[in-house]
Amino acid sequence: TNVGKGIDAHNGQNLIIKNCNVRGFGRNGIYAVNEGGLKVVKNISIVDNNISSDSSFLIDGATSFAIQSGSTEPNSNIGYVDIVRNKIDGNIVSNINNFGIFIKNPLSGTVSGAINISDSVLIDSASDGTSVSSVIKIDSNLVHYRGIIISKNIIQQSVNAGNIILLAS
């Protein structure tokens, strides 16, 4: 249980986050992102985790992500994503507050590798009126992905929100 982030990784290669339970977080359940050009996260596997948000941990005005990957420098020329493989597989995400899975690239940098989101269960069971923006959102900005595979996921929603949103410029 964490008001900020449950699992926080913003520098590392061949990163595996597996078989973890994350309950209650204000900003991020699992946070595996690049923070500028010097902190590189690549070859990420987020597999078989159980992530459940709790709106009582939300920070006022903050956006909450169950799983966030990519870049936190979307408008910076030094922020880049060099993802050779980004695998998000077999996770259970429940009580989604704003976003279930969110992956974002910056406005400049190198072309990213493949993203594979599969065999996960994403449940928006928030009955407290929390606003769900989207269950899966991938925003490539100007740095495009070589491939995106979203397959065999189960999405259950209690409110009207975007199931899967892909944004490309």
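Values below: every heavy atom of this structure, side chains too, minus hydrogens, waters and symmetry copies.
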Quiz item: Between N28 and Q68, do the side chains contain an N or O donor and an N or O acceptor separated by less than 3.5 Å?
Solution: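 Side-chain D/A pair, N28 to Q68: present.
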Self-check item: S151-S118 side chain donor-acceptor pair, cut-off 3.5 Å
Solution: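 Judged by distance alone, the side chains do not pair up.
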Exercise. Can you see which heavy atom on A66 is nearest to which on G100, and at what distance?
Key: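 Scanning both residues, the minimum pair turns out to be CB-O, 3.1 Å.
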Exercise. Specify the closest pair of heavy atoms between F65 and F25, including all atoms of both residues, with the distance to one decimal.
Key: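 Heavy atoms only, the tightest pair is O-CE1, 3.4 Å.
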Quick one: pull up [atom1] in [X] and [atom2] in [Y] and give me the separation to the nearest 0.5 Å.
X: N49; Y: C20; atom1: CG; atom2: SG; value: 5.0 Å
X: I136; Y: S120; atom1: CD1; atom2: OG; value: 7.5 Å
X: D119; Y: K87; atom1: CG; atom2: NZ; value: 9.0 Å

Quiz item: Taking N91 for the side chain and I46 for the main chain, is one N or O donor matched with an acceptor at less than 3.5 Å?
Solution: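 Yes, N91 side chain to I46 backbone: donor-acceptor pair under 3.5 Å.
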Practice problem: For the pair N116 and I88, evaluate side chain to side chain contact (heavy atoms under 4.5 Å, CB included) and give the outcome as yes or no after the intermediate values. | Solution: CA-CA 6 Å; N116 184 351; I88 300 174; over 6 Å; no
Quiz prompt | Residue pair D89, I117: steps toward the side chain to side chain contact (heavy atoms under 4.5 Å, CB included) verdict | solution = CA-CA 6 Å; D89 187 31; I117 301 172; over 6 Å; no
Are [Y] and [X] connected into the same hydrophobic cluster when the rule is that any two of I, L, V, M, F, W, Y join if their side-chain heavy atoms are below 4.5 Å apart?
X: V47; Y: I44; value: no
X: I138; Y: I155; value: yes
X: I115; Y: L15; value: yes

Quiz item: Would I67 and I51 count as a side chain to side chain contact (heavy atoms under 4.5 Å, CB included) if you check the C-alpha gap in whole Å, the side-chain angles of each, and the deciding distance to 0.1 Å?
Solution: CA-CA 8 Å; I67 298 174; I51 304 144; 3.6 Å; yes
Quiz item: Could K137 and F102 be counted as a cation-pi pair, given that NZ or CZ must be under 6.0 Å from the ring centre and within 45° of the axis?
Solution: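 No.
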Exercise. For D48, enumerate each residue passing the salt bridge (Lys or Arg N to Asp or Glu O under 4.0 Å) test, keeping only those at least two apart in sequence or located in another chain.
Key: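 Expected list: none.
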Exercise. Verify side chain to side chain contact (heavy atoms under 4.5 Å, CB included) between I123 and N95, making sure each step is shown before the conclusion.
Key: CA-CA 6 Å; I123 305 167; N95 297 322; over 6 Å; no
Practice problem: For N153, enumerate each residue passing the side-chain hydrogen bond (donor to acceptor under 3.5 Å, both in side chains) test, keeping only those at least two apart in sequence or located in another chain. | Solution: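 Partners of N153 by the side-chain hydrogen bond (donor to acceptor under 3.5 Å, both in side chains) criterion come out as none, since no residue qualifies.
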Practice problem: Using the test side-chain hydrogen bond (donor to acceptor under 3.5 Å, both in side chains), find all partners of N50 that sit at least two apart in sequence or belong to another chain. | Solution: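 So N50 forms a side-chain hydrogen bond (donor to acceptor under 3.5 Å, both in side chains) with R23.
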